[in-house]
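Take a look at the structure set out below.
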Amino acid sequence: MPETIVTTKFRISPSAYASAIMRQWASKWWWAVALLPLCSISAAFASADIRYLMLALVLVCLVIPPAMLIVYYYHALSPHARLNIPLHSVACDGIDLTIDFFTDENDEDASEKPVSTTVINMSDICGTIRSSSAIGLLLDKKRPAPMLLIPYSSFQSSTALQRFIELLKESRLS
């Protein structure tokens with residue numbers, strides 16, 4: 001039986017989760033965000049009318065940011081988003097990911113026992129996304145997929161991180 005890799009207790013900040021969602025969404029839909037301002041700029045050069053440049057500026061500064069907030073709230077309010085924000089640890093045995101949730105770390109007595117536990121079968125993980133500071137486990141096939149972010153710093157050692165990545169690869173091959 002393979003060893004179980006357990007992370008230290010950690011939480012992901014809402015801004016880090018939002019950043020991961022936005023990067024994933026923008027990697028697929030960047031062209032849709034850029035299309036209207038580029039059309040407006042093209043119209044400005046074709047007609048020599050500065051009003052189209054003003055329209056592009058309004059799109060970039062006043063229309064696109066709220067639209068991106070709608071995308072964030074759509075995905076951040078999914079049931080899977082709750083896996084990231086509370087204090088938790090992740091254990092992986094090659095078959096299942098076990099996520100243990102804890103109370104606030106200021107409460108000394110209650111922080112040792114998990115308040116609740118969620119188990120995710122490794123075969124249900126649809127993919128991974130790696131950044132410079134965390135690995136994201138995609139929990140659904142839609143894009144942007146809800147994800148479980150695990151910071152590299154939460155692993156006990158670099159060998160534990162490497163073994164975790166190997167277990168992910170093995171589970172996706174079988």
Side-chain angles (χ1 to χ4, degrees), residues 7-90 92 97 99-106 115-116 118 120-155 161 164-165 168-169 171-172:
T7 65
T8 59
K9 295 176 191 173
F10 66 95
R11 65 172 43 117
I12 300 295
S13 70
S15 63
Y17 188 66
S19 176
I21 288 174
M22 287 297 119
R23 267 188 263 117
Q24 186 186 8
W25 187 86
S27 70
K28 182 177 182 181
W29 295 103
W30 65 268
W31 60 271
V33 173
L35 187 64
L36 281 176
L38 288 177
C39 289
S40 181
I41 291 170
S42 299
F45 284 125
S47 66
D49 191 353
I50 195 166
R51 289 179 286 186
Y52 289 109
L53 288 176
M54 298 295 185
L55 177 61
L57 188 63
V58 165
L59 286 170
V60 169
C61 295
L62 298 177
V63 176
I64 293 174
M68 297 298 282
L69 280 174
I70 292 170
V71 169
Y72 167 69
Y73 281 114
Y74 176 78
H75 294 286
L77 295 177
S78 72
H80 292 295
R82 75 167 180 84
L83 298 176
N84 292 291
I85 312 279
L87 184 65
H88 62 285
S89 69
V90 177
C92 177
L97 279 178
I99 306 164
D100 293 324
F101 297 98
F102 299 92
T103 59
D104 192 15
E105 53 194 13
N106 294 335
V115 175
S116 70
T118 299
I120 300 172
N121 193 302
M122 295 285 281
S123 62
D124 292 340
I125 296 173
C126 299
T128 59
I129 294 177
R130 294 187 197 173
S131 70
S132 61
S133 62
I135 185 167
L137 306 179
L138 303 179
L139 304 174
D140 200 341
K141 291 190 186 291
K142 65 182 177 181
R143 294 273 305 204
M147 67 182 87
L148 172 64
L149 290 176
I150 305 172
Y152 297 138
S153 61
S154 68
F155 289 94
L161 172 61
F164 179 75
I165 292 171
L168 283 173
K169 289 178 183 176
S171 70
R172 293 179 72 205

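- The two atoms that bring Phe10 and Ser89 nearest to each other are CE2-CA, 4.4 Å, heavy atoms only.
- Side-chain contact between Ile21 and Tyr73 is absent, with no heavy atoms from C-beta onward closer than 4.5 Å.
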Under 3.5 Å, which donor-acceptor pairs do the side chains of residues 30-40 form with other protein atoms, sequence neighbours left out?
unit_1 : atom_1 : unit_2 : atom_2 : d
Trp31  : NE1    : Lys28  : O      : 3.3
Ser40  : OG     : Tyr52  : O      : 2.4
Ser40  : OG     : Ala56  : N      : 3.3

Check your understanding: Taking it one step at a time, do Phe164 and Thr7 satisfy side chain to side chain contact (heavy atoms under 4.5 Å, CB included)?
Key -> CA-CA 10 Å; Phe164 179 75; Thr7 65; over 6 Å; no

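- To the nearest 0.5 Å, atom SG of residue Cys92 and atom CD1 of residue Ile99 are 10.5 Å apart.
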**Study point:** side chain to side chain donor-acceptor pair (under 3.5 Å) evaluation trace for Arg23 with Ser19
**Key:** CA-CA 6 Å; Arg23 267 188 263 117; Ser19 176; 2.9 Å; yes

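- Looking only at side-chain heavy atoms (C-beta outward), Leu83 and Leu139 come within less than 4.5 Å of each other.
- Between Ile125 and Leu148, the closest side-chain pair of non-hydrogen atoms is not below 4.5 Å.
- Distance check, rounded to the nearest 0.5 Å: CD1 of Ile85 to OG of Ser13 gives 7.0 Å.
- In this structure, the separation between CD1 on Ile150 and CZ on Arg130 is 12.0 Å, given to the nearest 0.5 Å.
- Distance check, rounded to the nearest 0.5 Å: OH of Tyr17 to OG of Ser15 gives 13.0 Å.
- Side chains of Met147 and Leu138 form a contact here, defined as non-hydrogen atoms less than 4.5 Å apart.
- The two atoms that bring Gly136 and Leu149 nearest to each other are CA-CD2, 3.7 Å, heavy atoms only.
- In this structure the side chain of Met122 reaches within 4.5 angstrom of the side chain of Leu168, judged on heavy atoms.
- Here the closest heavy-atom approach between residue Tyr72 and residue Ala18 is recorded as CE1-CB, 3.3 Å.
- Heavy atoms only, all atoms of each residue included: Ile12 and Pro151 are closest at CD1-CD, 3.7 Å.
- Interatomic distance, CG of Asp100 versus CG of Leu87, reported as 10.5 Å (0.5 Å rounding).
- One distance of note links CG of Leu59 with CE of Met54; it measures 13.0 Å at 0.5 Å rounding.
- Side-chain rings of His88 and Phe102 stay apart, their centers remaining 6.0 Å or farther from each other.
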